[in-house]
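Counting from 1, the numbers follow the sequence of the chain as shown. As the structure lists them, so they are numbered: ligands from 1, and atoms in each ligand from 1.
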Amino acid sequence: MEIKKIVMGSDHAGYQLKLKVKAHLEARGFEVIDVGTGSTESCNYTVYAHALCEAIQNGVAPLGILVCGTGIGMSMAANKHKGIRAACCENTFSARMTRMHNNANVLCFGERVIGYGLACDIVDQFVNTAFEGGRHQARVDDINALDEGK
Ligand code: RB5
């Protein structure tokens, strides 16, 4: 599956890095749908995690990227949503592996943790790597079973 659309969201603490990563993706031909926030004014990261997850659940795009101060709050909030497998990644290896093995569909990172160059490399690994399936499918199915209360 060639991915052409990405949903992005951030809180105030991730806003500046979100804009830079958004421009990076657009320069590479991706259409980026930004669910907010739209400024550095203080807000709750949960609002934008929820909005992004709803967009993915509604089929707006297959993958999403959430940026806050650390990436941690965003990943906690996102992982409460059905069908969402969010991974907080601060290195390219984790970003690649979480697509290959976990079929992660949301990437999270923190503007207060990593810089622009690394963030773009992490994003490139995430969007350019496919799920391997095979032995990993049963494990992902086991995670997804929790969505059905199993
Ligand atoms: C905001 O100060 C900060 O708590 C938030 O961006 C995030 O890092 C939470 O996990």
Side chains of R85 and N144: do they bring a donor and an acceptor to under 3.5 Å?
yes
Does K4 make a cation-pi contact with F30 (under 6.0 Å, within 45 degrees of the axis)?
yes
Ligand 1: protein residues within heavy-atom distance under 4.0 Å
D11, H12, A13, Y45, C68, G69, T70, G73, R112
Run the side-chain hydrogen bond (donor to acceptor under 3.5 Å, both in side chains) test against E31 and tell me which residues pass, sequence neighbours left out.
none
Do D141 and Q137 have a side chain donor and acceptor closer than 3.5 Å?
yes
Polar contact flag, side-chain donor to acceptor under 3.5 angstrom, H24-D124:
yes
Under 6.0 Å from the CE atom of M97, do we count more than 12 heavy atoms belonging to anything else shown?
yes
